[in-house]
Amino acid sequence: MDDWAKELKETWTNLSAQAHFQGDAQQARAAHLASRAVRSVLLYGIGAFAQRPRMVTGTTPRTLERDVPPDAEIIGFDDELITWQKPTGFARDPNAHPEWAATIWSGARAALLTQRHRDDNTYAGALHTPPGTVVAFRTDALYLTQPHDWPHHHQPGDYLLRGHLTGPVTAPTTEEELLTLRDAGRGALTAERKA
């Protein structure tokens with residue numbers, strides 16, 4: 001499994017670099033999309049090893065509507081059938097390895113706080129920002145009140161500037177407000193780069 005993850009990570013890194021340095025816009029876009037696909041396979045493939053409750057999906061004829069299990073959620077129906085889904089609880093899956101998923105996600109969470117860039121002899125992350133500049137954490141993203149000049153070598157785990165708003169901006173108090181600011185920041189950065 002470790003070899004598989006390393007190969008995917010190398011592929012992701014190579015495609016990301018190709019997307020960045022490719023002279024042909026179409027080839028760069030294709031490499032970018034391929035790198036995102038490999039990233040998804042890596043993150044969600046390993047994440048799938050985490051154990052989750054199992055769901056059962058079934059159908060019942062409309063004429064026997066009373067036979068739909070009482071704890072089932074109806075997810076669709078037509079003139080003849082009712083389609084339903086219900087959790088069956090946790091059953092030990094011999095192929096489940098939640099520790100693999102936990103290792104990946106805990107590494108991502110730790111990198112939010114601090115990560116060392118050996119090539120540049122510098123650190124990045126929330127612990128390396130001035131006090132009061134961290135607005136929020138979300139999975140593998142930091143929301144800050146000011147930009148930072150952290151190194152970006154197109155490697156998995158490097159911080160990438162995805163949005164920027166010139167302030168002052170009212171601090172978000174809900175996730176919806178945070179996501180609205182995020183989207184506005186991404187739009188502003190895209191417009192700034194096109195100008």
Side-chain angles (χ1 to χ4, degrees), residues 5 8-9 11-48 50 52 98 100-195:
L8 280 175
K9 190 173 177 182
T11 302
W12 178 17
T13 301
N14 292 338
L15 286 167
S16 296
Q18 184 179 350
H20 183 71
F21 296 113
Q22 179 60 252
D24 180 14
Q26 278 189 312
Q27 291 294 323
R29 181 74 176 148
H32 171 73
L33 293 173
S35 75
R36 301 304 292 173
V38 171
R39 176 184 184 271
S40 291
V41 168
L42 182 62
L43 294 179
Y44 298 109
I46 290 177
R52 294 176 177 82
W100 294 349
T103 299
I104 298 299
W105 289 111
S106 67
R109 296 300 196 292
L112 287 173
L113 294 176
T114 186
Q115 59 178 284
R116 182 171 181 218
H117 293 269
R118 286 184 175 83
D119 294 344
D120 302 294
N121 194 28
T122 188
Y123 290 86
L127 294 178
H128 308 285
T129 63
T133 60
V134 175
V135 176
F137 295 99
R138 290 194 82 235
T139 309
D140 62 352
L142 278 175
Y143 295 86
L144 306 170
T145 60
Q146 57 185 292
H148 291 275
D149 193 24
W150 291 329
H152 182 74
H153 300 291
H154 305 282
Q155 298 289 319
D158 285 355
Y159 281 104
L160 176 64
L161 181 63
R162 300 291 301 264
H164 176 70
L165 289 173
T166 52
V169 176
T170 304
T173 57
T174 66
E175 184 174 23
E176 184 178 336
E177 290 175 0
L178 176 68
L179 296 179
T180 300
L181 284 176
R182 178 200 66 187
D183 294 343
R186 286 181 177 179
L189 184 63
T190 301
E192 181 181 311
R193 287 179 175 166
K194 286 181 179 178

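All values below come from the heavy atoms of this structure, side chains included, with hydrogens, waters and symmetry mates left out.
- Residues meeting the side-chain contact (heavy atoms from CB on, under 4.5 Å) test with V134, sequence neighbours left out: A126, T129, F137, L144.
- Pairs passing the ring pair (Phe, Tyr, Trp, His ring centres under 6.0 Å) check and including a residue from residues 158-192, sequence neighbours excluded, read W150-Y159.
- Considering only residues two or more places apart in sequence or on other chains, R138 meets the salt bridge (Lys or Arg N to Asp or Glu O under 4.0 Å) condition with E175.
- Within the structure, salt bridge (charged side-chain N to carboxylate O under 4.0 Å, His left out) pairs that include any residue of residues 143-167 do not occur (at least two apart or interchain).
- For P130, the side-chain contact (heavy atoms from CB on, under 4.5 Å) criterion is met by T133, Q146, H148, not counting sequence neighbours.
- Residue pairs meeting the side-chain hydrogen bond (donor to acceptor under 3.5 Å, both in side chains) criterion with at least one partner in residues 177-195, sequence neighbours excluded, are T173-E177.
- For L8, the side-chain contact (heavy atoms from CB on, under 4.5 Å) partners two or more places apart in sequence, or in a different chain, are W4, V38, V41, L42.
- With sequence neighbours excluded, the residues that form a salt bridge (Lys or Arg N to Asp or Glu O under 4.0 Å) with R39 are D140.
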For residues 14-29, which side-chain N or O atoms pair as donor and acceptor with protein atoms under 3.5 Å away, sequence neighbours left out?
residue : atom : partner : partner atom : Å
N14     : ND2  : E10     : O            : 3.3
S16     : OG   : W12     : O            : 2.9
H20     : ND1  : H154    : NE2          : 3.3
H20     : NE2  : H154    : NE2          : 3.1
Q22     : OE1  : D24     : N            : 3.4
D24     : OD1  : Q26     : N            : 3.4

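- Taking both residues in full, the closest heavy atoms of P172 and L178 are given as CB-N, 3.6 Å, listed atom of the first, atom of the second, then distance.
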Name each donor-acceptor pair under 3.5 Å that joins a side chain in residues 114-125 to protein atoms two or more places apart or in another chain, with its distance.
residue : atom : partner : partner atom : Å
T114    : OG1  : H128    : NE2          : 2.6
Q115    : NE2  : G157    : O            : 3.2
D120    : OD2  : H153    : NE2          : 2.5

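- Among residue pairs with one or both ends in residues 176-195, none qualify as ring pair (Phe, Tyr, Trp, His ring centres under 6.0 Å); sequence neighbours excluded.
- Residues satisfying the side-chain contact (heavy atoms from CB on, under 4.5 Å) criterion with A30, sequence neighbours excluded, are absent altogether.
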